Enquirer: 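Sharing a structure, written as structure tokens. Questions coming.
Nothing here was measured: the structure is a model prediction, and the numbers come from that model. Note: hydrogens, waters and symmetry copies are ignored here, and every other heavy atom, side chains too, is used.
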Amino acid sequence: MSVPENAGQSAVDPAYDRAMGPEETSWTRWVQNPEPQHISFPAHGGAVVTCLLISHGRIVSASDDHSIKVFSLSTGQQLLELKGHEGGVWALAASGDTLVSGSTDQTARIWDLKTGKCTHIFGGHESTVRCLTIVKPEWVDVEDGDGVIRKEKWPKRSLIVTGSRDHSLRVWTLPRPKEPEYWSYKPDEQNQESASEACDADQNPYHRLRLKGHEDAVRALAAGGRTLVSGSFDKTVRIWDIIGGGEPKWVLKGHSQKVYTVVLDLVRNQAYSGSMDNTIRVWDLRTGECRHTLTEHTSLVGLLRLSPSHLVSAAADSTLRIWNPDTGELQHTLAAHTGAITCFQHDEFKVLSGSDGNLKMWNIRDGTVVRDLLTGAADIWHVVFEGRYCVAATNSKQNTTVMDVWDFGVGSVNPLEDTQSEDEDDEEEDQGTYKIKAYVSGDSHGTNISRRVYVL
């Protein structure tokens with residue numbers, strides 16, 4: 001049977017939700033609430049925030065100061081500080097109460113977000129772990145040798161994929177709670193190897209594959225089902241079967257400069273890549289051919305995100321652009337910033353973008369500015385939103401790292417409770433509806449695409 005697309009969502013006013021839908025009620029609140037509750041608090045001293053995500057009522061931020069901090073989404077109170085990495089943390093992904101981090105110390109670590117304990121250290125990469133994602137089981141179309149397409153569930157259990165500046169990717173089994181801990185080295189014991197020397201992946205029971213072929217740093221990856229897309233500074237995009245073996249299915253050539261961002265679109269059997277050559281390419285996953293080359297940006301395309309109806313790109317030319325992912329048609333150009341776009345997130349109604357010390361909200365349907373959420377910061381590093389909440393990590397002009405949180409459910413015209421976390425189904429791998437998480441360059445303000453799937 002199929003799972004309804006709104007399964008698990010609460011509705012205080014069923015008639016209102018039937019008329020507008022959960023996302024649209026949230027959009028109405030974001031537009032009509034003139035004074036959302038706003039709190040601001042310091043984080044990470046004056047260090048750069050490299051990653052930011054929202055998970056189960058928690059804000060999780062990582063920094064080049066080697067630390068990861070966990071805050072309450074509603075109060076801003078610091079709940080945990082996760083220490084252990086020996087270098088800056090440049091990649092994060094969460095599933096339920098499990099957090100995975102990647103660092104310049106060449107390791108991935110797994111943490112229990114309830115206790116703050118590091119339960120696993122995975123060594124094996126020989127340079128910075130620059131990007132990672134968690135791949136959850138979902139029903140996908142699989143074509144056999146006779147051309148027959150059938151539904152299969154892949155992967156059979158959740159996986160971690162890591163990409164590194166050592167030119168390789170690695171695939172790991174995501175440990176379940178209470179499974180045996182594994183540390184590639186013991187940093188608290190004397191005469192032990194450092195993290196940079198802990199290359200023991202072959203002895204790690206959670207290690208599954210090493211994917212080789214890129215000739216330069218792996219800068220971005222995205223995965224869903226059995227399919228992995230990686231983008232590299234070697235100017236190529238590669239498509240992998242993360243179950244079937246270590247050789248790429250396709251090596252996609254066409255970019256003339258480094259690839260900085262990739263997105264996977266299993267619904268359309270496409271992948272998207274953004275490059276320093278100022279272009280976006282749309283690739284056919286079945287044939288490996290380039291379907292479209294989008295050329296309207298005039299500088300590095302560093303960020304791409306996908307929602308069901310919109311592909312959004314952000315570039316160093318100070319603009320964001322909204323595209324039709326089916327045709328490659330440019331729908332709107334968002335041009336009110338004056339500097340390179342450093343971060344953004346979008347859904348079917350709005351885009352939030354950070355640049356030049358300002359955080360703006362746009363109407364995705366007509367490309368107009370709705371409001372300025374923040375002005376006058378020194379830097380806007382990251383922005384994420386979920387339901388009624390928006391979080392931004394910024395640097396003040398006093399060189400202090402700050403978290404700003406807006407609650408659009410307080411003082412709103414229609415104060416519906418939509419605080420359900422985007423990953424509440426993370427606890428059980430066999431639930432019916434899964435979300436493809438496309439983390440670009442290790443950050444998690446990528447788009448989460450909910451799709452209708454099949455359950456037995």
Side-chain angles (χ1 to χ4, degrees), residues 90-91 128 130-133 161 163-169 211 213-223 227-240 248-265 268-285 287-306 310-325 327-331 333-335 337 339-344 346 353 355 438-443 445-447:
W90 283 91
T128 297
R130 188 60 182 84
C131 46
L132 64 84
T133 189
V161 182
S164 171
R165 287 178 178 156
D166 67 6
H167 309 179
S168 75
L169 301 104
L211 306 178
H214 279 299
E215 298 176 359
D216 207 332
V218 177
R219 183 62 169 78
L221 60 84
T227 304
L228 168 66
V229 182
S230 59
S232 169
F233 282 1
D234 68 7
K235 309 175 189 177
T236 71
V237 175
R238 294 176 189 243
I239 310 297
W240 314 79
K249 181 178 180 181
W250 300 111
V251 178
L252 308 179
K253 298 181 179 180
H255 285 297
S256 61
Q257 295 291 334
K258 298 175 180 179
V259 177
Y260 271 79
T261 176
V262 295
V263 171
L264 174 63
D265 184 355
R268 298 176 182 86
N269 277 296
Q270 295 183 158
Y272 312 86
S273 56
S275 168
M276 187 180 279
D277 67 11
N278 309 345
T279 71
I280 302 159
R281 287 183 175 258
V282 183
W283 307 92
D284 189 319
L285 295 178
T287 66
E289 296 178 350
C290 181
R291 289 180 176 173
H292 308 287
T293 302
L294 314 181
T295 60
E296 280 76 3
H297 281 295
T298 60
S299 190
L300 161 69
V301 181
L303 298 169
L304 288 174
R305 306 282 184 265
L306 180 70
H310 305 287
L311 175 69
V312 181
S313 59
D317 62 10
S318 78
T319 70
L320 301 99
R321 295 176 190 260
I322 301 169
W323 312 85
N324 182 325
T327 65
E329 175 189 3
L330 177 63
Q331 296 176 319
T333 299
L334 313 186
H337 288 295
I341 310 300
T342 54
C343 57
F344 81 90
H346 80 283
S353 61
S355 172
Y439 292 99
V440 180
S441 305
D443 62 49
H445 47 83
T447 302

Enquirer: How many angstroms lie between atom CG of Asp317 and atom CG of Asn278, to the nearest 0.5 angstrom?
Expert: 8.0 Å
Enquirer: Between atom CD of Glu289 and atom CH2 of Trp250, what is the distance when rounded to the nearest 0.5 Å?
Expert: 8.0 Å
Enquirer: Which heavy atom in Leu285 sits nearest to a heavy atom in Lys249, and how many Å separate them?
Expert: O-NZ, 4.0 Å
Enquirer: Does the side chain of Thr236 come within less than 4.5 Å of His214's, by heavy atoms?
Expert: yes
Enquirer: Only counting residues at least two apart or in another chain, list the ones meeting side chain to side chain contact (heavy atoms under 4.5 Å, CB included) with Ala340.
Expert: Ala316
Enquirer: So which atom in Leu330 and which in Thr333 form the shortest heavy-atom distance, rounded to 0.1 Å?
Expert: CD2-OG1, 3.7 Å
Enquirer: Out of curiosity, Ile239 CD1 to Leu228 CG, how far, rounded to the nearest 0.5 Å?
Expert: 8.0 Å
Enquirer: Is any side-chain heavy atom of Thr319 closer than 4.5 Å to one of Thr298?
Expert: no
Enquirer: Do Glu296 and Arg321 have side chains that get closer than 4.5 Å, going by heavy atoms?
Expert: yes
Enquirer: A side-chain contact here means heavy atoms from C-beta on lying under 4.5 Å apart; do Tyr272 and Pro325 qualify?
Expert: yes
Enquirer: Do side-chain atoms of Arg281 reach the backbone of Gly254 as a donor and acceptor pair under 3.5 angstrom?
Expert: yes
Enquirer: Run the side chain to side chain contact (heavy atoms under 4.5 Å, CB included) test on Thr279 and His255 for me, step by step, so that the C-alpha distance in whole Å, both residues' side-chain angles and the decisive distance to 0.1 Å come before the verdict.
Expert: CA-CA 8 Å; Thr279 71; His255 285 297; 3.4 Å; yes
Enquirer: So, taking the atom named OG in Ser275 and the one named CG in Leu300, what distance separates them when rounded to the nearest 0.5 Å?
Expert: 7.5 Å
Enquirer: Test of understanding: with side-chain hydrogen bond (donor to acceptor under 3.5 Å, both in side chains), list the residues that count as partners of His337, not counting sequence neighbours.
Expert: Ser353
Enquirer: Considering residues at least two apart in sequence or located in another chain, which fulfil the side-chain hydrogen bond (donor to acceptor under 3.5 Å, both in side chains) criterion with Ser355?
Expert: none
Enquirer: Keeping the roles fixed (side chain from Ser232, backbone from Asp216), state whether a donor-acceptor pair exists under 3.5 Å.
Expert: yes
Enquirer: What closest approach, in Å, do Arg130 and Val218 show between heavy atoms, and which atom pair accounts for it?
Expert: CB-O, 3.9 Å
Enquirer: Determine yes or no for a side-chain-to-main-chain donor-acceptor pair under 3.5 angstrom, with Ser164 supplying the side chain and Thr128 the backbone.
Expert: yes
Enquirer: Does some side-chain heavy atom of Ser273 sit less than 4.5 Å from a side-chain heavy atom of Val262?
Expert: yes
Enquirer: Quick check: does any side chain N or O of Asp265 sit under 3.5 Å from a backbone N or O of Gln270, one acting as donor and the other as acceptor?
Expert: no
Enquirer: Which pair of heavy atoms, one from Gly231 and one from Val259, lies closest together, and at what distance?
Expert: CA-CG1, 3.8 Å
Enquirer: With heavy-atom distances below 4.5 Å as the criterion, would you say the side chains of Tyr260 and Phe233 are in contact?
Expert: yes
Enquirer: For the atom pair CG (Leu169) and NE2 (His167), what is the distance rounded to the nearest 0.5 Å?
Expert: 11.5 Å
Enquirer: Mind checking the CG-CH2 spacing from Leu211 to Trp240? Nearest 0.5 Å is all I need.
Expert: 5.0 Å
Enquirer: For Leu221 versus Leu132, what's the shortest heavy-atom pair and its separation?
Expert: CD1-C, 4.0 Å
Enquirer: Sort out for me which residue in Val312, Leu294, Leu304 forms a side chain to side chain contact (heavy atoms under 4.5 Å, CB included) with Trp323.
Expert: Leu294
Enquirer: Show the nearest heavy-atom pair for residues Ile341 and Ser318, with the distance to one decimal.
Expert: CD1-O, 3.6 Å
